Amino acid sequence: MTGLPPFSDRLLGWYDRHARSLPWRVSPGDRAQGVRPDPYRVWLSEVMLQQTTVAAVKSYFAVFTQRWPDVQALANAADEDVMGAWAGLGYYARARNLLACAREVTRHRNGRFPETADALRDLPGIGDYTSAAIASIAFDEPAPVVDGNIERVTTRLYAIETPLPAARKAIRVRVAEMTPKSRAGDFAQAMMDLGATICTPRSPTCILCPVSEGCVARQEGRQEEFPKKLAKKAKPSRRGAAFVARRARDGAILLRRRPASGMLGGMAEPFTTDWSSKTDGATGLDAAPFAADWRRAGEVTHGFTHFDLTLEVWLATIQAEPTDAGWWAPVGDLNAAGLPTLMRKAVEAALAAAPSR
DNA sequence: TACCCGTGGAA
DNA sequence: TTTCCAAGGGT
């Protein structure tokens, strides 16, 4: 009587039949034929996918690869073009680091990404997960890849009782043990596909799982108890104000650029008061950036990761440019203005209250 | 370590 | 409606 095949063989066999088809992925069949993924596309997709769903990333990945087909093209792009193209995807430090990384690779590494996880880890925006993912997927290094999916799968397989994030070290040890010397990239992608489609956070479909026989949590009927997590803190609520200036002649909107660091760093916005996760910004007419016929245009609310924000929205229609601290964005081109979602909401609320021309 | 940093879809 | 959370990194 023979036992079950090794864990990685069972998982890879499942992946060969059920791998998701994704724009940045080389299918296991093509991979077996010797097709290599483009490291630039692997890197770009991995950065976009940090804390972001596949569905949200797809259109951004298409735009970026069309507009900047290789790392050199991206390195030569203007900052505001890349920040604008990233608008709406969130976590804008990723876009700043993306550009810094592209320029480092282009200008100091001959346009080639390093081929080991250790070396990749030194580049901006590339941490433990992303370095291992690129090294294994693009360069076949059997580096232990641990993302949220793999944390969930692994804590269930071994019924790891330690709550996250303290369990990360033990998880990494287990993943390093499981990762095969060959097909390490397919193995990592198989673990992520398993977590995304079978071993889901709620109601995992263990009946379809190719490795359920070896899963301790499943054997004990406790699969939904893992991963254990520390309780999270309550989110505070903050307030602030946005002042949307509209040019009388053509309805264009006055925008400026936020400082490079901090919340929404480097992104475009209408004039806002100085809110943060810790303090309210100024509100009311006295907080206006310059004198004009400001009218209340309602409020917008927005939930960030660690606090909720409500902005008063004020609107004024003005004749001339009152400041040189920004630029006029044509209203018909608002989608192209590169506004983060909070600011897009504020401008839309102001325009909804504006008298039609 | 603990906190900061977006967004939108699912349940 | 609220809560959760998705291919995390920086500090």
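Here is how names work: the chains are called A, B, and so on, in the same order as the sequence lines, proteins then strands, and each is numbered from 1. No experiment lies behind these values; they were computed from the predicted model shown.
- Taking every side-chain heavy atom of A/Gln50 into account, C/dG9 is the closest of B/dC5, B/dT7, C/dG9.
- Remark: A/Lys278 is in phosphate contact with B/dC4, judged by side-chain N or O atoms under 4.0 Å from OP1 or OP2.
- Between A/Met343 atom CE and B/dG6 atom C1' there is a gap of 12 Å when expressed in whole angstrom units.
- Nucleotides of DNA chain C nearest to A/Thr53 and A/Asp128 differ in position, and the one nearer the 5' end is that of A/Thr53.
- The phosphate of B/dG6 has neither OP1 nor OP2 within less than 4.0 Å of any side-chain N or O from A/His302.
- Listed nucleotides: C/dG9, B/dT7, C/dC5. Nearest to the side chain of A/Tyr129: C/dG9.
- Across all strands shown, A/Met192 has heavy atoms under 4.0 Å from base atoms, whether or not it also approaches the sugar-phosphate.
- Protein atom CG of A/Leu89 is 11 Å distant from nucleotide atom P of B/dG6, rounded to whole Å.
- Look at CZ on A/Arg20: it is 12 Å from P on C/dA6, rounded to the nearest Å.
- Distance, A/Lys58 NZ to C/dA6 P: 18 Å, rounded to whole Å.
- Side-chain N/O atoms of A/Arg152 and base N/O atoms of C/dA6 include no donor-acceptor pair closer than 3.5 Å.
- Judged by atom type and distance alone, A/Thr52 reaches the base of B/dG6 through a side-chain donor-acceptor pair under 3.5 Å.
- Remark: the backbone N or O of A/Thr310 is not paired with any side-chain donor or acceptor of A/Arg239 at under 3.5 angstrom.
- Rounded to an integer number of Å, the gap from A/Glu224 CD to C/dC4 P is 15 Å.
- Not one side-chain nitrogen or oxygen of A/Thr130 sits closer than 4.0 Å to the OP1 or OP2 atom of C/dG8.
- Comparing A/Phe304 and A/Lys233 along DNA chain B, the residue whose closest nucleotide (by nearest heavy atom) sits nearer the 5' end is A/Lys233.
- One side chain, A/Tyr129 or A/Glu46, offers a donor N or O that lies under 3.5 Å from an acceptor on the other.
- A/Gln51 has no side-chain polar atom (N or O) that falls below the 4.0 Å cut-off from OP1 or OP2 of C/dA6.
- Formation of a donor-acceptor pair under 3.5 Å by the A/Arg246 side chain with backbone atoms of A/Leu351 is not found in this model.
- Residue-level contact check: A/Pro165 touches neither bases nor backbone, having no heavy atom under 4.0 Å from any strand.
- When each of A/Ala55 and A/Ser277 is assigned the nucleotide of DNA chain B with its nearest heavy atom, A/Ser277 is the one assigned upstream, toward the 5' end.
- The side-chain tip of A/Arg238 does not point at the ring of A/Phe307 from less than 6.0 angstrom away and within 45° of straight on.
- Here A/Trp43 lies out of heavy-atom contact (under 4.0 Å) with every strand.
- Ring to ring, A/Phe304 and A/His302 are close: their centroids are under 6.0 angstrom apart.
- Comparing B/dC4, C/dC5, C/dA7 by their closest approach to the side chain of A/Leu22 singles out C/dA7.
- The nearest whole Å value for the distance from the CZ atom in A/Phe187 to the P atom in C/dA7 is 16 Å.
- Distance noted for atom P between B/dA11 and C/dA7: 14 Å (whole Å).
- Annotation: cation-pi geometry satisfied between A/Arg247 and A/Trp328 (NZ/CZ under 6.0 angstrom from ring centroid, within 45° of ring axis).
- The OH atom of A/Tyr91 sits 12 Å away from the P atom of C/dG9 (whole-angstrom rounding).
- At whole-Å resolution of the value, CZ in A/Arg121 and P in C/dT11 are 11 Å apart.
- Counting non-hydrogen atoms under 4.0 angstrom, A/Gly195 reaches nothing in the nucleic acid.
- When each of B/dG6, C/dA6, B/dT7 is scored by its nearest atom to the side-chain atoms of A/Thr305, the top-ranked nucleotide is B/dG6.
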